[in-house]
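Shown next, in structure tokens, is the structure this report addresses.
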Amino acid sequence: MPTINIYFLEETKIEKLKSLTSNLKTFVAEKLTCRDIKLTPEEISVRFIHVSGGKMIGDVELEITAHAFPERVEKQDKICLDVMNYIKEKAPSIGDVKVWLKLCELGHSW
């Protein structure tokens, strides 16, 4: 189950970010789908994290964590750029967007 943590400094951005959630989950599910696994939006968890204190590189930063399937590793930079461009296209007022894809071995519990 991939997760997307969305970090932001300005609380005024939260409503716009929340309005993107459903379509963002669909977009990311498509980007992370590979031969080994087909994802659905329902399998992606999204969390909004208001950063109080500190500095960020972008106005909004996304950390996507998912399993390190070989196909994802090969196209990890493209996935990040595609997600960044998707957010910028759908919400240009959000400001500068940075995206990280953290691919690792994942465990889970049900």
Side-chain angles (χ1 to χ4, degrees):
M1 177 177 83
T3 59
I4 304 172
N5 290 334
I6 302 175
Y7 299 89
F8 58 96
L9 286 169
E10 297 175 32
E11 287 194 49
T12 57
K13 296 186 187 296
I14 187 70
E15 291 309 315
K16 186 61 177 173
L17 290 167
K18 284 183 179 180
S19 72
L20 297 174
T21 302
S22 180
N23 291 334
L24 177 64
K25 287 172 66 168
T26 299
F27 185 80
V28 171
E30 291 170 3
K31 291 294 170 186
L32 295 178
T33 289
C34 54
R35 285 186 300 268
D36 293 322
I37 189 168
K38 177 170 176 38
L39 290 174
T40 66
E42 293 76 27
E43 296 174 286
I44 298 177
S45 177
V46 177
R47 301 174 189 117
F48 297 94
I49 302 165
H50 177 241
V51 177
S52 60
K55 294 225 177 215
M56 294 185 10
I57 296 170
D59 297 312
V60 173
E61 300 177 3
L62 284 77
E63 281 182 343
I64 303 169
T65 304
H67 186 78
F69 290 110
E71 273 182 80
R72 291 178 183 165
V73 172
E74 290 173 19
K75 59 182 184 176
Q76 59 189 324
D77 289 335
K78 180 168 179 16
I79 292 169
C80 289
L81 289 171
D82 288 350
V83 172
M84 178 189 72
N85 289 327
Y86 178 84
I87 298 282
K88 286 182 173 182
E89 176 186 311
K90 299 296 180 188
S93 64
I94 288 294
D96 191 31
V97 178
K98 302 294 183 194
V99 178
W100 289 267
L101 177 58
K102 297 164 54 173
L103 298 174
C104 52
E105 297 293 322
L106 295 174
H108 61 82
S109 65
W110 296 107

Side-chain heavy atoms of [X] within contact of [Y], under 4.5 Å:
{"X": "I14", "Y": "F48", "value": "yes"}
{"X": "I49", "Y": "I6", "value": "no"}
{"X": "P2", "Y": "L39", "value": "yes"}
{"X": "K25", "Y": "E42", "value": "no"}

Quick one: does [X]'s side chain have a donor or acceptor within less than 3.5 Å of a partner on [Y]'s backbone?
{"X": "R72", "Y": "H67", "answer": "yes"}
{"X": "H50", "Y": "L9", "answer": "yes"}
{"X": "E61", "Y": "F8", "answer": "no"}
{"X": "D96", "Y": "D59", "answer": "no"}
{"X": "E89", "Y": "Y86", "answer": "no"}

Practice task
Indicate if M56 and V99 have the same hydrophobic cluster label, given that clusters are the connected sets of ILVMFWY residues with side-chain heavy-atom separations under 4.5 angstrom.
Solution key: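 No, it is not one cluster - the side chains of M56 and V99 are not joined through contacts under 4.5 Å.
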Handout entry: Distance-only side-chain donor-acceptor flag, E43 / T40, under 3.5 Å
Key =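 The criterion, which ignores hydrogens and geometry beyond distance, is satisfied for T40 and E43.
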Practice task
Nearest 0.5 Å please: distance from the CG atom of D36 over to the CZ atom of F69.
Solution key: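 Taking CG in D36 and CZ in F69, the distance rounds to 5.0 Å.
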Practice task
Scan residues 2-19 for pairs that pass side-chain hydrogen bond (donor to acceptor under 3.5 Å, both in side chains), counting only residues two or more places apart or in two chains.
Solution key: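 The answer is N5-R47, Y7-E63.
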Exercise for the section: With side chain to side chain contact (heavy atoms under 4.5 Å, CB included) as the test, would you mind laying out the steps for T21 and L17 before giving the verdict? Expected result: CA-CA 7 Å; T21 302; L17 290 167; over 6 Å; no
Handout entry: Exceeds 12 heavy-atom contacts within 6.0 angstrom, atom NZ of K78
Key =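 Atom NZ in K78 is not crowded, with 12 or fewer foreign heavy atoms closer than 6.0 Å.
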